[in-house]
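Since the model is a prediction, treat every value here as computed from it, not as a measurement. A note on names: the letters A, B, ... follow the listed sequences, proteins ahead of strands, and every chain is numbered from 1.
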Amino acid sequence: MDLSSKTTALQLRARVLTAVRSFFVSRDYLEVETPIRVNTPAMEDHIDAEASGDAWLRTSPELHMKRMVCAGFEKIFQVGPCFRQGERGQRHLPEYTMLEWYWTGVSSEVLIGETCDLLQAVADVAGGGPFDGVDLKAAPKIYTISELFLKWAGWDPVLDFDADRFDFDLVEKVEPVLSKETVPVVVKNFPAERAALARMRPENPQVADRWEMYVGGVELANAYTELTDAREQRTRFEVCAEERSGRGQEVYPLDEAFLTALERGMPDCAGIALGVDRLLMRLVGTDEIADVVAFA
Amino acid sequence: MYSTSDLRKGLKIEIDGQPYVITDFQFVKPGKGQALYRCKMKNIMTGTGLERTYRSTEKIGKPDLMQKDMSYSYPDGEHFVFMDDATYEQVTVDVDVVGDFKYFLIEEMPCKVLFFNDTPIDLELPVFVEKVIAETEPGARGDTATNVMKPAKIDNGYEIQVPLFINEGDLVRIDTRTGEYVDRVNKK
């Protein structure tokens, strides 16, 4: 698609970004900017960073934003570019726009309601919807990972985790079912092995306090009740480093500045990242992420 | 062998000794999981559909496929004989591979023949072929409407729908991809 034919999509994109900012400002969030070029990227199992000289481009603003939470910034949000090596497809770009926000003193469940409020505000500036058959203003359907897997894949990844099978079944058996839903879908209670930087649920240490939102079968947002335990965080980074090394992936230095901030104390908080380009895909009604980005 | 970074729509790959063409391709990465490559594909020989998901570390078979420029020569029972334009070598192609193209073949027609492990498995004809109408109801004189159609047969019995003004003996152009009438060719 050439640039001039993206006019409508890019005009909507600008209106959506304005609406997003007003939404958070009206809720007493502070807009922040954190480094795009970072000394070390957040280490995750399957996310590779682009090198930038002797540093890296951020794969997510998470660790810097959490340092701000540790420093007492109670409600912060950021919209900006993130970079992931080798990710290009209909729903992926190696450079894309992430919306990320943190709210001190709440758990991830509170963010379900707030994300739905955000979707409503955004749907309004885009004509109200429905968008490709999905009503963004409707209350979400909420499922646990266990119930979805038991129903559509015949096993419970929380009881007996198998990483490879989990990825395949999620993509081949579960996500196609979610694509038929006509309202936003929240999938919660991920297995501990897929906790990433979420804490465990107090009532069940096998379950991470993490949820993902799907819209029309496309993963839109990922939320945690954040892990605040510095020791456990260090262990998770170390385990991740070992696994990356075992797979022949680059191992990044541990982010000691972040770990030090955690050691000094991080308040209970919830955080969430939402793919702005994917949200726009839905609002515009396209299956190609490149259609909603000027240069992609 | 191909790696997953080679995968794209239109790529021809080999699975269990069969050649496939990828008809739909998607890079996916389920929440915090590994990169996966979802492919929908079609068996080039049988037309059967297949879905496969690959991990980034997997290798995918590369089929021994070769397309050659060949000219159609003559029918030989259940086979059709083509000649390699470069080597003049003669090759017989099975009627199953030729399919409905058998109605459109004309002597010395330039074709492309696809070989898999040296066996012809697919045939490409020129997009348009000109054929004489052998049989049809007489057309109404002056009726130039192109949206009302009637049945007609070409010399080898193949039936197509043509506009009312077409008569027996007219030369018409047929799209070999769809097997449908395109237009009338003015006689010189």
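Using a 4.5 Å cut-off between heavy atoms, A:Ile47 contacts chain B through both its backbone and its side chain. Using a 4.5 Å cut-off between heavy atoms, A:Glu44 contacts chain B through its side chain alone, with no backbone atom that close. For a residue to count as touching a neighbouring chain, one of its non-hydrogen atoms must lie under 4.5 Å from one of that chain's; by this rule A:Asp167 touches chain B with backbone and side chain alike. Of the atoms belonging to B:Tyr37, not a single heavy atom falls under 4.5 Å from chain A.
Residue A:Glu147 qualifies as enclosed at atom CD: its count of foreign heavy atoms under 6.0 Å is above 12. Summarising the local packing, CG of B:Asn117 is surrounded by more than 12 heavy atoms from other residues, nucleotides or ligands at distances under 6.0 Å. The local environment of CD in B:Gln67 is crowded, with over 12 non-hydrogen atoms from other residues, nucleotides or ligands closer than 6.0 Å. Surrounding NZ of B:Lys42 are at most 12 heavy atoms belonging to other residues, nucleotides or ligands under 6.0 Å away.
Contact record, B:Gly33 with A:His46: O-CB, 3.1 Å, taken as the closest heavy-atom pair.
One finds the CG atom of A:Asp164 at 7.5 Å from the CG atom of B:Leu36 (value rounded to the nearest 0.5 Å). To the nearest 0.5 angstrom, A:Arg194 atom CZ is 10.5 Å from B:Lys32 atom NZ.
Contact check for B:Phe27 versus A:Glu87: side-chain heavy atoms found under the 4.5 Å cut-off. Under the 4.5 Å side-chain criterion, counting only non-hydrogen atoms from C-beta, A:Arg91 is not in contact with B:Lys29.
A donor atom on one side chain and an acceptor atom on the other are not found under 3.5 Å apart for A:Asp45 and B:Gln34.
Counting heavy-atom pairs under 4.5 Å between each of A:Glu219, A:Arg247, A:Glu175 and chain B puts A:Glu219 at the top.
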